[in-house]
Trainee: 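First the structure, which I've put down as structure tokens, then a few questions once you've had a look.
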Amino acid sequence: MTTAVLWLRRDLRLGDHPALAAAQDCADEVVPLFVLDDVLLGPAGAPRRAFLFRCLRDLQERTGGALRVLHGRPQDVLPDLVRRVGASNVHISTDAGPYGRTRDAAVAAALGEVPLLDLGSPYAVTPGSLTKADASPYRVFSPFFRAWQERGVRGPAVAEGPVRWTDGGVPTVAVPDDPDLGPVELPEAGERAGLARWREFADADLADYAEQRNRPDADRTSQLSVYLKYGCVHPRTLLSDLGEGPGPAAYRRELAFRDFYADVLWHAPDTARDEVQAPMSGLSYDTGPEAERRWEAWVTGTTGYPIVDAGMRQLAGAAWMHNRMRMVTASFLTKDLHLHWRRGAAHFLALLRDGDLPSNQHGWQWVAGTGTDPSPYFRVFNPVRQGREHDPDGAYVRRWVPELRDVAGAAVHEPWLLPGGVPTGYPERVVNHADERVVALERYAQVRG
DNA sequence: AGGCCCTTGAC
DNA sequence: TCAAGGGCC
């Protein structure tokens, strides 16, 4: 009887797992393992932690209770488990995530002669593996995207026949209780739920995704980000199932963006907090009591700009925000309120159920003009224009900002123009967009010399 | 080396 | 139309 250890990092799925297929080639039974380290138990946002814990409970059920959950650092707890189940035939999948390399080296050293089988990233296709001809990493999306498409993506791995799960006689710790979520509701966790969501999206919304994806009032995005983050579904599976046409092409491009940012951060882990464009770290930001009041207004969705407030209230109330609203609210924080993108990015990570380091930090950097694309610093989103363009009937604003529910149509985007003035309970604007836009441009000009 | 290109914008 | 400079081949 030979045993394999399936070390699930954030790839919390069984259906198309390459490690599982590999394990079945050389072992009779499999011990599924998840290591809860302090990062996952500590400062991670409550929605993400709750979703993770629910995924683990789902896996526990699907493996007939065999899933082992260990608490500690992988390099400390793995060797003991490996020794208990018999080290001669153990295979382990590894992670190619941004910080995976250091940890993998520590784990490999701790395991000694036991092979660590590298099967790629659990949640993206290419991090660390695509470079330019001179072996340097890409810094601009479009060339990356061309290379990514040219390279192609291998199909999902399929295990042969049913798997014999075993707990290997290894003790486990209980999956923690969900943290308090308040009014936030999460989608159903786990691989089956993720695949069901994919089929729903592919049948109903994929065809006109290219036009509909920018409409926060329509709710026709895939909602798969949280499943992708935890590897409940792998992009490989989606890509192999995607088909052709404008909708699928647009979706493929979004999946490539995940890979691009994962790749950027893999090559330059420091850019999780430092500006990609080094000179931009000299940008000046507002500080002091007034700046703090403006921060508070942004966080609580009381800036007086309806589209911004709707986005921020969706974030707080749903632990999710439509992608276009992420750009609009991020632009408002950095360019209208002159506060640091890093602070906004940390706030997003704390509240978003799908908050993922590469996409979040580099999405923010892109909006802030400090990121991988060198051009857009002079683009300042106009909140009124964005509202009128992408929420033309005002339905999204009314859904999230009850003070404005009685205002019909697109007029909801400029409540200060209403004949009766700003409705009771809704705040006046914290800043004047036209003025702050000029201030922002001046500050960028200073840095650029 | 030179020339083409660059995620989603605004006035 | 504007914007500007560097990535990329």
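Letters A, B, ... mirror the listed sequences (proteins, then strands); counts begin at 1.
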Trainee: Measure from NZ or CZ of Arg342(A) to the centre of the six-membered ring of Trp364(A) and say whether it is under 6.0 Å with the direction within 45° of the ring axis.
Mentor: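 No; the conditions do not both hold, so Arg342(A) does not lie above the ring face of Trp364(A).
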Trainee: Contact class for Phe144(A) vs. all strands (heavy atom < 4.0 Å): base, sugar-phosphate, or nothing?
Mentor: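 No contact.
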Trainee: I need the CG-C1' distance between Leu130(A) and dC8(C), as an integer number of Å.
Mentor: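 Whole-Å distance recorded here is 15 Å.
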Trainee: Between dT7(B) and dC9(C), how many Å separate the two P atoms, rounded to a whole number?
Mentor: 12 Å
Trainee: Among residues at least two apart in sequence or on other chains, which ones pass salt bridge (Lys or Arg N to Asp or Glu O under 4.0 Å) with Arg399(A)?
Mentor: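 Per chain and number, Arg399(A) pairs via salt bridge (Lys or Arg N to Asp or Glu O under 4.0 Å) with Asp219(A).
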Trainee: Kindly state whether the ring of His340(A) and the ring of Tyr285(A) have centres lying under 6.0 angstrom apart.
Mentor: yes
Trainee: Can you measure Arg139(A) atom CZ to dC8(C) atom P for me and round it to whole angstrom units?
Mentor: 8 Å
Trainee: Would you say His234(A)'s side chain and Asp11(A)'s backbone share a donor-acceptor pair under 3.5 angstrom?
Mentor: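 Not confirmed, His234(A) side chain does not pair with Asp11(A) backbone.
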Trainee: Distance check needed: dG6(C) C1' versus Phe141(A) CZ, whole Å only.
Mentor: 19 Å
Trainee: Between atom CG in Asn323(A) and atom P in dT8(B), what is the gap in whole Å?
Mentor: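 Computing the Asn323(A):CG to dT8(B):P distance gives 13 Å.
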Trainee: Whether the side chain of Lys229(A) engages the backbone of Gly355(A) through a donor-acceptor N/O pair (distance < 3.5 Å, no angle test) should be reported.
Mentor: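 A pair under 3.5 Å: yes.
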Trainee: Arg326(A) near the nucleic acid: base, sugar-phosphate alone, or nothing, with a heavy-atom cut-off under 4.0 Å?
Mentor: nothing
Trainee: Who passes side-chain hydrogen bond (donor to acceptor under 3.5 Å, both in side chains) against Arg57(A), sequence neighbours left out?
Mentor: Asp178(A)
Trainee: Between dA1(B) and dC8(C), how far apart are the two C1' atoms, rounded to whole Å?
Mentor: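 One C1' to the other, the span is 13 Å.
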Trainee: Determine the interplanar angle of the Phe201(A) and Trp198(A) rings, folded into 0 to 90°, and report it as parallel if under 30°, tilted if 30 to 60°, perpendicular if over 60°.
Mentor: tilted
Trainee: How does DNA chain C read in dot-bracket, base by base from 5' to 3', with Watson-Crick or G-U pairs under 3.5 Å and | used when the partner is on another strand?
Mentor: ||..|||||
Trainee: Check for a donor-acceptor pair, side chain of Arg353(A) on one end and backbone N or O of Val184(A) on the other, with a separation under 3.5 Å.
Mentor: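 Not at all, since once roles are kept as given, no pair shorter than 3.5 Å links the two residues.
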Trainee: Mind listing the N/O atom pairs, protein and nucleotides 3-5 of chain B, below 3.5 Å?
Mentor:
none

Trainee: Once you round it to whole Å, what is the distance between P of dG7(C) and NZ of Lys132(A)?
Mentor: 7 Å
Trainee: Could you tell me whether the side chain of Asn360(A) and the main chain of Ala345(A) form a donor-acceptor pair under 3.5 Å?
Mentor: yes
Trainee: Report yes if the distance between the aromatic ring centroids of Trp416(A) and Tyr305(A) is under 6.0 Å, otherwise no.
Mentor: yes
Trainee: Atom CZ of Arg215(A) and atom P of dT8(B): how far apart are they, to the nearest Å?
Mentor: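 To the nearest whole Å, that distance equals 20 Å.
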Trainee: Is Phe257(A) stacked on the base of dT7(B), with ring centres under 5.5 Å apart and planes under 30° apart?
Mentor: yes
Trainee: Could you measure between the two C1' atoms, the one in dG5(C) and the one in dC11(B), and give it in whole Å?
Mentor: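 After rounding to an integer number of Å, I get 23 Å for this pair.
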Trainee: Rounding to the closest angstrom, what is the interatomic distance between dA3(C) and dC5(B) at atom C1'?
Mentor: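 Approximately 15 Å lies between the C1' atom of dA3(C) and that of dC5(B).
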Trainee: Do the side-chain N or O atoms of Tyr138(A) get closer than 4.0 angstrom to the phosphate oxygens (OP1, OP2) of dG6(C)?
Mentor: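 No, because none of the side-chain N or O atoms of Tyr138(A) sits under 4.0 Å from OP1 or OP2 of dG6(C).
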Trainee: Short question: side chain of Arg326(A), backbone of Met321(A) - any donor-acceptor pair under 3.5 Å?
Mentor: yes
Trainee: What integer distance in Å separates Lys335(A):NZ from dA3(C):P?
Mentor: 16 Å
Trainee: Would you please say whether a donor-acceptor pair under 3.5 Å links the side chains of Thr221(A) and Gln223(A)?
Mentor: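 Result is yes, a qualifying pair exists.
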Trainee: Can you list, in residue-number order, the parts of residues 248-255 of chain A that come under 4.0 Å of DNA chain B, counting heavy atoms only?
Mentor: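 Only Arg253(A) qualify.
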Trainee: Side chain of Asp259(A), backbone of Val125(A): donor and acceptor closer than 3.5 Å?
Mentor: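 Such a contact is found between Asp259(A) side chain and Val125(A) backbone.
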Trainee: Are any protein N/O atoms closer than 3.5 Å to N/O atoms in nucleotides 9-11 of chain B? If there are, list each pair with its distance.
Mentor:
unit_1, atom_1, unit_2, atom_2, d
dA10(B), OP1, Asn382(A), N, 2.4
dA10(B), OP2, Gln386(A), NE2, 3.2
dC11(B), OP2, Asn382(A), ND2, 3.2

Trainee: Quickly work out the Asp373(A) CG to dG7(C) C1' distance and round it to whole Å.
Mentor: 10 Å
Trainee: Mind checking whether Tyr261(A) and Phe141(A) have ring centres under 6.0 Å apart?
Mentor: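 Tyr261(A) vs Phe141(A): aromatic centres not under 6.0 Å.
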Trainee: List the steps, then state whether salt bridge (Lys or Arg N to Asp or Glu O under 4.0 Å) holds for Glu254(A) with Arg213(A).
Mentor: CA-CA 11 Å; Glu254(A) 296 307 310; Arg213(A) 57 179 285 269; 3.1 Å; yes
